[in-house]
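Take a look at the structure below.
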Amino acid sequence: MLRALVVLSLVLAATGCRPLLDGGWQGTASCPNEAYPISAILNETKDGEVEGVVYIEGINIIIGDVIARGTIDDGEVDPEDGSFRFELQTDNEPLADFTVDLEYGNDELTELEGHIDQLDDNATVVQTCDVDLERSTDPND
């Protein structure tokens with residue numbers, strides 16, 4: 001009986017102690033020369049996949065500043081450490097434009113921190129930025 005309780009406790013600790021990513025998040029990507037506001041709408045499925053969109057503001061192109069909208073692709077939760085990894089696709093080309101690695105940054109599980117790599121058309125990292133996000137909506141509200 002004791003063994004069954006220990007196993008059940010471990011299973012609950014691994015799966016039920018943290019809230020899902022579901023909801024809105026906002027924060028900043030701090031890059032070597034500039035910081036960009038970021039907003040995200042994330043959804044974590046029961047299969048441990050991450051879906052949603054990420055908006056990166058202030059991307060400067062020839063016509064001025066724009067907001068890049070990235071659709072999450074190949075998003076997943078690492079069951080070993082609870083971190084999240086996904087790619088962002090901002091255009092119709094087959095290769096991802098960004099890769100993102102995040103993990104919870106506080107005990108209340110209301111902050112995410114990590115980094116985002118910007119990739120060129122050859123999937124080479126051209127810039128790495130630190131990311132800090134805070135939960136802006138609670139999925140239970």
Side-chain angles (χ1 to χ4, degrees), residues 2-141:
L2 180 60
R3 184 179 295 176
L5 286 175
V6 170
V7 170
L8 179 60
S9 296
L10 290 174
V11 169
L12 289 175
T15 61
C17 287
R18 71 166 178 81
L20 298 176
L21 285 173
D22 298 353
W25 296 83
Q26 54 188 355
T28 305
S30 300
C31 304
N33 296 319
E34 195 165 354
Y36 300 96
I38 293 183
S39 300
I41 301 169
L42 304 176
N43 179 48
E44 182 181 341
T45 70
K46 65 180 179 179
D47 299 329
E49 295 179 3
V50 179
E51 303 169 337
V53 294
V54 176
Y55 299 92
I56 305 170
E57 300 177 35
I59 304 292
N60 192 325
I61 61 173
I62 296 171
I63 61 171
D65 288 350
V66 298
I67 298 173
R69 179 186 188 274
T71 303
I72 293 176
D73 194 20
D74 295 328
E76 61 186 10
V77 178
D78 184 338
E80 296 291 322
D81 63 8
S83 64
F84 316 100
R85 179 173 176 76
F86 54 85
E87 297 178 344
L88 290 178
Q89 188 61 266
T90 61
D91 54 29
N92 293 327
E93 296 178 8
L95 296 176
D97 300 299
F98 299 91
T99 58
V100 181
D101 290 291
L102 298 170
E103 61 186 22
Y104 281 108
N106 64 355
D107 291 338
E108 294 81 31
L109 306 177
T110 58
E111 297 177 8
L112 293 172
E113 57 186 28
H115 67 272
I116 182 170
D117 292 328
Q118 181 180 4
L119 308 174
D120 65 12
D121 290 338
N122 297 316
T124 302
V125 175
V126 294
Q127 178 171 242
T128 297
C129 306
D130 293 326
V131 176
D132 292 303
L133 299 172
E134 290 186 15
R135 189 181 293 274
S136 59
T137 62
D138 187 338
N140 299 317
D141 288 344

Checklist entry - Side chains of Phe98 and Val54: closer than 4.5 Å at any heavy-atom pair? => result no

Next on the checklist: If you apply the rule side chain to side chain contact (heavy atoms under 4.5 Å, CB included), what do you find for Asp78 with Arg85, and how did you get there?
Outcome noted: CA-CA 8 Å; Asp78 184 338; Arg85 179 173 176 76; over 6 Å; no

Next on the checklist: Is it the case that the side chain of Asp73 and the backbone of Gln89 share a donor-acceptor pair, with hydrogens and angles ignored and the cut-off at 3.5 Å?
Outcome noted: no

Item to check | Min side-chain heavy-atom separation Leu95-Leu119 under 4.5 Å | outcome: no

Item to check | Thr99 vs Glu87, side chain to side chain contact (heavy atoms under 4.5 Å, CB included): CA-CA, chis, key distance, verdict | outcome: CA-CA 4 Å; Thr99 58; Glu87 297 178 344; 4.1 Å; yes

Item to check | Worked check of side chain to side chain contact (heavy atoms under 4.5 Å, CB included) between Leu42 and Leu112 | outcome: CA-CA 12 Å; Leu42 304 176; Leu112 293 172; 4.2 Å; yes

Checklist entry - Is the count of non-hydrogen atoms from other residues, nucleotides or ligands lying under 6.0 Å from Asp121 atom CG greater than 12? => result no

Checklist entry - Atom OH of Tyr55 and atom OG1 of Thr90: how far apart are they, to the nearest 0.5 Å? => result 13.0 Å

Item to check | Non-hydrogen atoms of Glu34 and Gly58 that approach each other most closely | outcome: OE2-O, 4.5 Å

Checklist entry - Closest approach of Arg135 and Asp22, non-hydrogen atoms and distance? => result NH1-O, 2.9 Å

Checklist entry - Are side-chain N/O atoms of Asp81 and Ser83 paired as donor and acceptor at under 3.5 Å? => result yes

Checklist entry - Between Ile56 and Tyr36, which heavy-atom pair has the shortest distance, and what is it? => result CG2-CB, 3.9 Å

Checklist entry - How far apart are the C-alpha atoms of Leu88 and Ile72, what are their side-chain angles, what is the distance that settles it, and do they pass the side chain to side chain contact (heavy atoms under 4.5 Å, CB included) test? => result CA-CA 5 Å; Leu88 290 178; Ile72 293 176; 3.8 Å; yes

Checklist entry - Counting N and O atoms only, with roles assigned by atom type, does the side chain of Glu57 sit under 3.5 Å from a partner on the main chain of Pro37, one being a donor and the other an acceptor? => result no

Next on the checklist: Nearest 0.5 angstrom please: Asn43 CG to Leu20 CG, how far?
Outcome noted: 8.0 Å

Next on the checklist: Ring-plane angle category for Tyr104 and Phe84, please: parallel below 30°, perpendicular beyond 60°, tilted otherwise.
Outcome noted: perpendicular

Item to check | Greater than 12 external heavy atoms within 6.0 Å of Asp47's CG | outcome: yes

Item to check | Donor-acceptor contact below 3.5 Å, side chain Ser136 vs main chain Gly24 | outcome: yes

Next on the checklist: Ignoring hydrogens, what is the shortest heavy-atom contact between Leu133 and Gly27? Give both atom names and the distance.
Outcome noted: CD2-N, 3.5 Å

Checklist entry - Where is the tightest heavy-atom contact between Ile38 and Ala29, given as atom of each residue plus distance? => result CD1-CB, 3.3 Å

Checklist entry - Can you tell me if Asp117 and Thr128 form a side-chain donor-acceptor pair at under 3.5 Å? => result yes

Item to check | Spacing of NE2 belonging to His115 relative to CD belonging to Glu103, to within rounding of 0.5 Å | outcome: 10.5 Å

Checklist outcome for this item: Here the gap from Glu76 atom CD to Glu49 atom CD, rounded to the nearest 0.5 Å, amounts to 8.0 Å

Next on the checklist: Which heavy atom of Leu102 sits nearest to which heavy atom of Val100, and what is that distance?
Outcome noted: CG-CG1, 3.7 Å

